[in-house]
**Q** 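Sharing a structure with you now.
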Amino acid sequence: LLAPLIEAGVNLRTSDVPVAFPTETVYGLGADATRSTAVRGIYAAKGRPSDNPLIVHVCDLNMLRRYLEPASTTTPEQQEEEKEETIPAIYLPLIERFWPGPLTILLPNPQPSQLAAEVTAGLATFGCRMPASALARTLIQLAGAPLAAPSANASTRPSPTAAAHVRDDLAGRIELILDGGPCAIGVESTVVDGLCNPPAVLRPGGVSIDALRACPGWHRVEKAYKDHAEMGAGNGNADSGKGTATAAAAQTAPRAPGMKYKHYSPKARVVLYEAAAGGPGAGAAVPSAEDLERALRRPDEAGERQRTIAVIRTRHWPVAAGLPIGAALQQTNGSGDEDREGTVLAVSEGTLLGSGADNTEVLARLLDVDLGGDVRGVAHGLFAALRELDRREADVIFVEGVSDGEDIAAAVMNRLRKAASDIR
Ligand code: TXA
Ligand code: MG
């Protein structure tokens with residue numbers, strides 16, 4: 001791993017082509033945050049709108065403190081004489097508790113800033129985190145500068161949680177992917193703004209809101225993001241199509257600019273079943289006969305190809321969400337492609353039959369993924385499952401939601417609501 005790490009460090013110092021690297025949340029697409037041409041390379045590779053600011057990744061607190069200072073002619077020696085803490089006090093308990101780790105904090109961007117203007121998209125603040133991944137921190141050290149890095153997916157696709165996912169999206173657009181195996185957490189960092197009062201969560205992520213609330217100064221932290229379901233856009237909006245911002249969404253200006261975009265979407269149509277209110281024990285409804293009938297309906301362009309219906313289940317759904325299946329499902333282990341090791345979840349495959357005891361009519365191919373009942377496990381496997389079902393050409397994916405309250409479930413449900421065309 002040392003040779004690619006050193007090569008990546010050299011690329012980050014000298015080239016304008018970004019480098020993909022692992023973090024504990026998702027893979028990032030990194031560039032030297034102080035060089036405009038390098039940062040522009042990120043937007044170019046991703047096809048990302050440049051009004052969406054990037055998170056700045058640091059390897060230690062001294063690096064962060066350096067970028068809280070305005071660009072100036074002051075020598076490092078002169079700066080070191082100042083002993084006063086420049087990191088806003090509100091963040092110190094969070095840093096103590098969650099860094100390195102999946103938490104991004106907003107900081108005042110000094111004027112003039114040492115960061116490239118392209119990093120902040122014109123905002124007065126910059127988002128910063130210190131990743132828990134030792135590989136990521138070593139890379140930042142080798143680059144000798146903080147790394148601006150969004151998730152390393154093509155814009156709108158689910159975030160990559162393994163090197164193969166990055167390759168699927170960005171092959172030919174970048175030159176180097178550091179492979180650190182699958183990401184431990186699997187959803188992005190929590191983004192918080194402690195510069196406002198009360199402090200706010202701009203994006204739910206790998207640190208739960210309850211964990212934040214337990215920190216001094218953060219007990220009143222507010223949720224400043226809105227999920228589709230809460231904007232009244234979820235139920236029955238299927239035909240308005242995925243990718244279209246709803247009127248309700250447009251009226252609510254999101255404070256983390258990235259939250260306004262369509263995100264995390266596989267090619268398949270995602271139908272999300274919300275867990276009933278009533279805590280972790282409450283289950284989600286299973287797909288109805290009408291849901292299934294609609295899923296089986298073949299759009300004209302699909303021709304004679306057999307429909308593929310997929311199920312992602314979490315805590316309560318039985319195999320295939322209880323839909324009528326033929327013989328027991330077969331566990332299939334991906335393509336046997338070594339490149340995809342660590343990315344392929346256990347997917348079971350079978351056939352969907354017409355309803356009625358003796359009905360043997362094959363209605364569709366059926367794929368089943370079990371992410372398990374543990375919210376951390378669901379977060380870990382979620383993006384990989386959406387991507388794997390795409391690779392297997394699912395037309396529709398029925399997903400069993402988890403209830404929001406528990407640990408990082410809010411992050412899981414936020415991503416799922418964004419991926420879904422239908423919420424039930
Ligand atoms: O876990 C993560 O955060 C990953 C890994 C690679 O570190 N990165 C990531 O970056 O998810 P990205 O670019 O996909 O998402 C960054 C989010 C966006 O919603 C963006 O709008 C918000 O953070 N953000 C960044 N800087 C901001 C700022 N100054 N003010 C408000 N929101 C900001
Ligand atoms: Mg992203």
Side-chain angles (χ1 to χ4, degrees), residues 18-31 33 39 42-43 45-59 67 98-109 113 115 117-133 135-137 139-140 146-161 165-166 169-170 177-178 180 183-196 199-207 224-226 253-265 379 383 408 411 414-415 418-419:
V19 167
F21 66 98
T23 82
E24 73 282 13
T25 57
V26 301
Y27 274 70
L29 188 60
V39 176
I42 296 175
Y43 291 108
K46 272 195 71 137
R48 173 185 175 114
S50 57
D51 65 335
N52 194 1
L54 304 174
I55 292 172
V56 174
H57 297 69
V58 296
C59 58
Y67 291 88
F98 302 114
W99 274 13
L103 179 75
T104 296
I105 62 177
L106 295 198
L107 292 156
N109 193 25
S113 177
L115 298 172
E118 288 79 359
V119 172
T120 51
L123 297 173
T125 56
F126 70 96
C128 183
R129 84 178 188 98
M130 188 196 295
S133 157
L135 201 54
R137 290 203 310 278
L139 181 65
I140 297 164
L147 295 183
S151 48
N153 51 289
S155 210
T156 79
R157 299 268 300 145
S159 295
T161 53
H165 299 158
V166 181
D169 281 17
L170 300 180
I177 302 171
L178 266 187
C183 299
I185 294 179
V187 292
E188 299 87 343
S189 62
T190 302
V191 180
V192 296
D193 184 354
L195 303 175
C196 58
V201 176
L202 307 192
R203 176 178 74 179
V207 170
Y225 62 92
K226 282 204 160 60
R255 286 168 59 189
M259 299 300 279
K260 71 174 178 257
Y261 297 106
K262 183 73 187 175
H263 261 156
Y264 315 111
S265 313
F383 289 142
I408 61 173
N414 172 261
R415 308 309 188 263
K418 283 174 183 293

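Note that ligands are numbered from 1 as they come in the structure, with each ligand's atoms numbered from 1 the same way. All residue numbers refer to positions in the sequence shown, counting from 1.
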**Q** Please indicate whether any nitrogen or oxygen in Thr104 is less than 3.5 Å from any nitrogen or oxygen in ligand 1.
**A** no

**Q** Is a side-chain N or O of Tyr27 found less than 3.5 angstrom from the main chain of Cys183, in a donor-acceptor match?
**A** no

**Q** Between Phe98 and Ser189, is a side-chain contact (heavy atoms from CB on, under 4.5 Å) present by the stated rule, with each step listed?
**A** CA-CA 11 Å; Phe98 302 114; Ser189 62; over 6 Å; no

**Q** Which one holds for Thr25 and ligand 1: side chain close, backbone close, both close, or neither close, with close meaning a heavy atom under 4.0 Å?
**A** side chain

**Q** Examine Lys46 against ligand 1 and note whether any of their N/O atoms are separated by less than 3.5 Å.
**A** no

**Q** Checking side-chain contact (heavy atoms from CB on, under 4.5 Å) between Pro131 and each of Ile140, Thr25, Ile55, which is the one that passes?
**A** Ile140

**Q** If we ignore hydrogens and angles and just use 3.5 Å, is the side chain of Ser151 paired with the main-chain N or O of Asn153 as donor and acceptor?
**A** no

**Q** Taking 4.0 angstrom as the limit and counting only heavy atoms of Thr125, give me the atoms of ligand 1 inside it, by number and element.
**A** 28 (C), 29 (N), 30 (N)

**Q** Would you mind running through ligand 1 and noting each atom that sits below 4.0 Å from a heavy atom of Leu123?
**A** 28 (C), 29 (N), 30 (N)

**Q** For ligand 1, which is the ligand I care about here, please tell me if Tyr27 has any N or O atom under 3.5 Å from one of the ligand's N or O atoms.
**A** no

**Q** Tell me which part of Asp193 gets within contact of ligand 1: side chain, backbone, both or neither, using heavy atoms under 4.0 Å.
**A** neither

**Q** With respect to Asn52, determine whether any N or O atom, backbone or side chain, lies less than 3.5 Å from an N or O atom of ligand 1.
**A** yes

**Q** At a 4.0 Å threshold, what atoms of ligand 1 neighbour a non-hydrogen atom of His57?
**A** 5 (C), 6 (C), 7 (O)

**Q** Arg129 to ligand 1: N or O pair under 3.5 Å?
**A** yes

**Q** After noting the C-alpha distance and the side-chain angles of Arg129 and Glu24, does the key distance pass the salt bridge (Lys or Arg N to Asp or Glu O under 4.0 Å) rule?
**A** CA-CA 12 Å; Arg129 84 178 188 98; Glu24 73 282 13; 2.7 Å; yes

**Q** Within 2.8 Å of the Mg ion (ligand 2), is there any N, O or S atom belonging to Ser151?
**A** yes

**Q** So which of Val119, Leu106, Thr120 gets nearest to atom 30 (N) of ligand 1, if we judge by its closest heavy atom?
**A** Leu106

**Q** Consider side-chain contact (heavy atoms from CB on, under 4.5 Å). Of Leu29, Val39, Leu147, Leu170, which one does Pro18 pass it with?
**A** Leu29

